[in-house]
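This report refers to the structure that appears directly beneath it.
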Amino acid sequence: MAGAASEELTWSKTLFGTQHMLQVANSIAQLPAATFSAPEVESATRLAASTVHGLLTALTHVELLQRLPRAAGERIQRYERKDHSFWDATTHLFSDARAASAAKSKTTPSRPKKTENR
């Protein structure tokens, strides 16, 4: 991956030990409602269901999210985002990672294409 996504992955790996936590947390923080489902996060991030579910489990374990009760036969688990400064922090970090990437791309000269000598 190039550009902003690469910087986001690097920052996330450095801060959380996983490349996608920053993106997932930012997506959750940006959702209009405090309740959501994993498919909503998958759609927003374009990440695999297994990746999203693992990160939601981690966030639930540290009590930043709460699993909501499901009705009998309901297949989709809904979560509630708990009020915590973590969500604001991840939004700022995500934005900073994007800005750092943009600044880096402006200062990095593009490489000339190689041409064949015949």
Side-chain angles (χ1 to χ4, degrees):
M1 258 180 229
S6 177
E7 203 65 23
E8 292 156 18
L9 297 175
T10 301
W11 282 40
S12 186
K13 181 74 172 177
T14 301
L15 293 167
F16 303 109
T18 175
Q19 292 184 342
H20 301 295
M21 180 60 85
L22 187 57
Q23 181 182 10
V24 167
N26 180 65
S27 294
I28 292 168
Q30 298 300 317
L31 289 170
T35 61
F36 63 94
S37 66
E40 291 173 78
V41 178
E42 293 162 21
S43 177
T45 61
R46 297 184 180 151
L47 293 172
S50 59
T51 300
V52 170
H53 282 279
L55 296 173
L56 293 178
T57 298
L59 292 167
T60 301
H61 181 75
V62 296
E63 299 182 0
L64 291 167
L65 297 177
Q66 179 178 347
R67 290 171 54 116
L68 298 175
R70 286 191 276 188
E74 189 175 346
R75 295 183 61 201
I76 296 178
Q77 176 65 56
R78 295 203 55 83
Y79 296 86
E80 182 175 36
R81 180 182 63 231
K82 291 190 174 182
D83 188 31
H84 196 280
S85 59
F86 173 81
W87 303 111
D88 289 333
T90 56
T91 299
H92 290 295
L93 287 165
F94 189 83
S95 177
D96 290 350
R98 285 253 166 122
S101 183
K104 187 186 271 186
S105 68
K106 287 181 182 178
T107 60
T108 304
S110 51
R111 296 181 199 168
K113 291 184 179 179
K114 289 185 177 181
T115 57
E116 288 184 36
N117 293 332
R118 292 184 184 207

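Positions are given from 1 along the sequence.
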Residues in side chain to side chain donor-acceptor pair (under 3.5 Å) contact with Q19, at least two apart in sequence or another chain: none

Rounded distance [0.5 Å steps], NE2 in H20 versus NZ in K13: 9.5 Å

M21 with V62, same ILVMFWY side-chain cluster at under 4.5 Å: yes

Inter-residue atom distance H84.NE2 - L59.CG, 0.5 Å rounding: 11.0 Å

Minimal non-hydrogen separation, L47 against Q23, with atom names: CD1-OE1, 3.8 Å

L15: side-chain contact (heavy atoms from CB on, under 4.5 Å) partners, not counting sequence neighbours: L93

F86 and F16 aromatic ring geometry - parallel, tilted or perpendicular at 30°/60° bounds: perpendicular

Qualifying salt bridge (charged side-chain N to carboxylate O under 4.0 Å, His left out) pairs, either residue in residues 81-97, two or more places apart: none

Given T10, L9, T91, T90, the one that forms side chain to side chain contact (heavy atoms under 4.5 Å, CB included) with L22: T90

Co-membership, hydrophobic cluster, residues L31 and L64, 4.5 Å side-chain: yes

From CA spacing to verdict: side-chain contact (heavy atoms from CB on, under 4.5 Å), L65, F36: CA-CA 10 Å; L65 297 177; F36 63 94; 3.7 Å; yes

Under 3.5 Å donor-acceptor, T45 side chain and V41 backbone: yes

Set of residues satisfying side-chain contact (heavy atoms from CB on, under 4.5 Å) with respect to A38, sequence neighbours excluded: E42, V52, H53, L56

Counterpart residues, side-chain contact (heavy atoms from CB on, under 4.5 Å), relative to A100 (two or more places apart): E7, W11

Nearest-0.5 Å distance, CD of residue E40 to OG1 of residue T35: 7.5 Å

Where at least one partner belongs to residues 53-75, residue pairs that pass salt bridge (charged side-chain N to carboxylate O under 4.0 Å, His left out), sequence neighbours excluded: none

